[in-house]
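Note sheet for the following structure.
For the numbers below, each heavy atom of this structure counts, side chains included, while hydrogens, waters and symmetry mates do not. Numbering of residues begins at 1 and proceeds along the displayed sequence. From a predicted model like this one, the values you see are computed outputs, not experimental measurements.
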Amino acid sequence: MDRQRNVDLSSFNTLGLSSRARDLLVYDDVTQLPALQALVEQGERIFVLGGGSNVVLAEQVDALVVKVESKGIRLVAQQDDAYIVEAQAGECWHDFVQHCLNQGWPGLENLALIPGTVGAAPVQNIGAYGLELEQRIHSVLAWSFTEGQEVELSAAQCGFAYRDSRFKRDPAGNWLILAVRFALPRQWTPVLEYPDLNKQAYLAGEPDPQTIFQAVCDIRRQKLPDPRVLGNAGSFFKNPVVQAEQRDALKQQWPNLVSYEVGQGQCKLAAGWLIDQCGWKGRRDGAVGVHDRQALVLVNHGGGTAHDIARLAQAIRASVRERFGVELEQEPVVVT
């Protein structure tokens, strides 16, 4: 393995933050795992980096960064109810979704154009437009550094929750996701409940998976900046979940409050709406700011650092807390 020192990570994170890694290794083959295991057992602190789309990197990352670039997609099995498709962790997520549709394996189209890699997707339990990744996961193949071996975890064993999983909750360096297996439905039905999809006129009738894929891409391009043009990590805050009583009390004061029922007497509030009501949309704070079309997205106009993002995020959270009594939780992981 080629170990590089003092590596510039600014092009390895979609926020485009100025950051350097003490050391970096590229992982692309399972034959490297014994050597990685030996480094961990020798006390090396590692951080696994995929597409860098859900991280806030410190100016100096004091760890061995393992950049995952493994490739490969294969059909593992055709069951009565599902295609079991496996993708290596380093595959680009959006390209994988498109590949599945081209092969006649629908079911992921609502998750189109989400940045990042396949291996990072279960860490965050990505979701969009009415679909959560956990609904399509068959299993995750991962290397456990605590056990020193490869394990296959079922969807239930992954501990999925809203934008969360055991891979995110466990200490950094416990896991290296090698590949992900998906159960894609053979009897496909469209997922169109999300309001933004209902507004698309060309989805009327019985749209096919490719049409939904294109609609999701169109919506995301209208709302979200391309990180190649304007640095960002997508949605920076989770939609807060509150009790229905709290939602009802807020709605009396703000009738236009945007919320969604999630069951068990709880509701999900639209974090973007809350932030927008506090006047943050389009505001800039030095090198960083809030996107002018989507208040949920923090952006780096150039030269921003993790410190700049943290200061802005803290100010936004304080505004929302003061005005609505609601606590926002950020999605991206802070890496130091």
Side-chain angles (χ1 to χ4, degrees), residues 1-33 35-37 39-40 44-72 87-96 114-126 133 140-146 158 163-180 227-228 231-236 298 300 304-307 309-310 330-336:
M1 294 185 293
D2 182 19
R3 183 166 181 160
Q4 305 170 56
R5 299 191 180 279
N6 192 28
V7 179
D8 183 2
L9 298 177
S10 58
S11 63
F12 292 163
N13 73 101
T14 60
L15 265 166
L17 299 177
S18 175
S19 176
R20 302 193 78 85
R22 169 172 55 80
D23 296 277
L24 182 140
L25 288 174
V26 172
Y27 165 80
D28 57 14
D29 190 86
V30 293
T31 58
Q32 298 168 277
L33 293 172
L36 273 176
Q37 179 67 32
L39 288 173
V40 171
E44 185 72 76
R45 175 176 177 256
I46 70 168
F47 175 74
V48 178
L49 180 64
S53 61
N54 197 50
V55 293
V56 178
L57 300 181
E59 290 184 73
Q60 183 66 45
V61 177
D62 185 26
L64 170 60
V65 175
V66 179
K67 183 73 169 64
V68 178
E69 296 185 1
S70 52
K71 305 294 183 184
Q88 292 298 303
E91 288 285 347
C92 168
W93 173 258
H94 176 70
D95 292 349
F96 169 65
I114 293 178
T117 59
V118 167
V123 177
Q124 182 73 357
N125 187 22
I126 60 173
L133 186 74
V140 174
L141 306 178
W143 183 265
S144 167
F145 286 107
T146 57
C158 292
R163 300 297 174 271
D164 200 10
S165 70
R166 71 179 299 176
F167 308 110
K168 190 174 182 180
R169 293 190 298 270
D170 287 352
N174 274 26
W175 299 100
L176 171 59
I177 293 178
L178 306 176
V180 184
R228 294 171 297 183
N232 73 92
S235 298
F236 198 85
L298 304 193
N300 177 14
T305 66
H307 177 74
I309 289 290
Q330 78 174 53
E331 288 193 26
V333 176
V334 176
V335 184
T336 59

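Pro332 has its side chain within reach of Asn54: a pair of non-hydrogen atoms, C-beta onward, lies under 4.5 Å apart. Between Leu49 and Val66, every side-chain heavy-atom pair lies at or beyond the 4.5 Å cut-off. Side-chain atoms of Trp93 and Ile126, non-hydrogen and from C-beta on, do get closer than 4.5 Å to each other. You'll find the side chain of Val56 reaches within 4.5 Å of the side chain of Phe236, heavy atoms only. Side-chain atoms of Phe47 and Leu64, non-hydrogen and from C-beta on, never get closer than 4.5 Å to each other. The closest side-chain heavy-atom distance from Val61 to Leu9 is below 4.5 Å. Counting heavy atoms from C-beta on, the side chains of Trp175 and Val123 never come closer than 4.5 Å. Two residues are said to be in side-chain contact when any heavy atoms from C-beta on lie closer than 4.5 Å; Gln37 and Trp143 meet this criterion.
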- Task: Evaluate the side chain to side chain contact (heavy atoms under 4.5 Å, CB included) criterion for residues Leu141 and Ile177: first the C-alpha distance (whole Å), next the side-chain angles of each, then the deciding distance (0.1 Å), finally the verdict.
- Result: CA-CA 6 Å; Leu141 306 178; Ile177 293 178; over 6 Å; no

- Message: Between Ser70 and Leu178, does the side chain to side chain contact (heavy atoms under 4.5 Å, CB included) criterion hold? Intermediate values first, please.
- Response: CA-CA 8 Å; Ser70 52; Leu178 306 176; over 6 Å; no

- Message: Show, in sequence, the C-alpha distance, side-chain angles and deciding distance for Leu17 and Asn300, and conclude whether the side chain to side chain contact (heavy atoms under 4.5 Å, CB included) test is met.
- Response: CA-CA 7 Å; Leu17 299 177; Asn300 177 14; 4.0 Å; yes

- Show your reasoning for whether side chain to side chain contact (heavy atoms under 4.5 Å, CB included) applies to Thr14 and Asn232. CA-CA 6 Å; Thr14 60; Asn232 73 92; 5.7 Å; no

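A cation-pi contact links Lys67 to Phe12, judged by a cut-off of 6.0 Å to the six-membered ring centre and 45° from its axis.
Ser18 OG to His307 NE2: the interatomic distance, rounded to the nearest 0.5 Å, is 13.5 Å. Atoms CZ and CG, on Arg166 and Asn125 in that order, are 14.5 Å from each other to the nearest 0.5 Å. Remark: Arg3 CZ to Leu25 CG distance equals 6.0 Å, nearest 0.5 Å. Between Leu57 atom CG and Thr305 atom OG1 the span is 11.5 Å, to the nearest 0.5 Å. How far CZ of Phe96 is from NZ of Lys71: 12.5 Å, rounded to the nearest 0.5 Å. Going from atom CG of Leu36 over to atom CG of Leu176 covers 7.0 Å, rounded to the nearest 0.5 Å.
The pair Lys168-Asp164 does not count as a salt bridge, with every side-chain nitrogen at least 4.0 angstrom from each carboxylate oxygen.
Side-chain atoms of Gln32 come within 3.5 Å of backbone atoms of Asp29 as a donor-acceptor pair (strictly under, hydrogens ignored). A donor-acceptor contact shorter than 3.5 Å is absent between the side chain of Gln124 and the backbone of Ala120.
Of all non-hydrogen atoms in Ser19 and Ala58, the two that sit nearest each other are OG-O, 2.6 Å. Residues Cys158 and Arg169 share a closest heavy-atom pair of O-NH2, 4.5 Å.
Residues passing the salt bridge (Lys or Arg N to Asp or Glu O under 4.0 Å) test with Arg45, sequence neighbours excluded: none.
Under 3.5 Å, the side chains of Asn6 and Arg20 contain a donor-acceptor pair of N or O atoms.
Within the structure, the salt bridge (Lys or Arg N to Asp or Glu O under 4.0 Å) test picks out the following pairs touching residues 47-62 (sequence neighbours left out): Arg22-Asp62.
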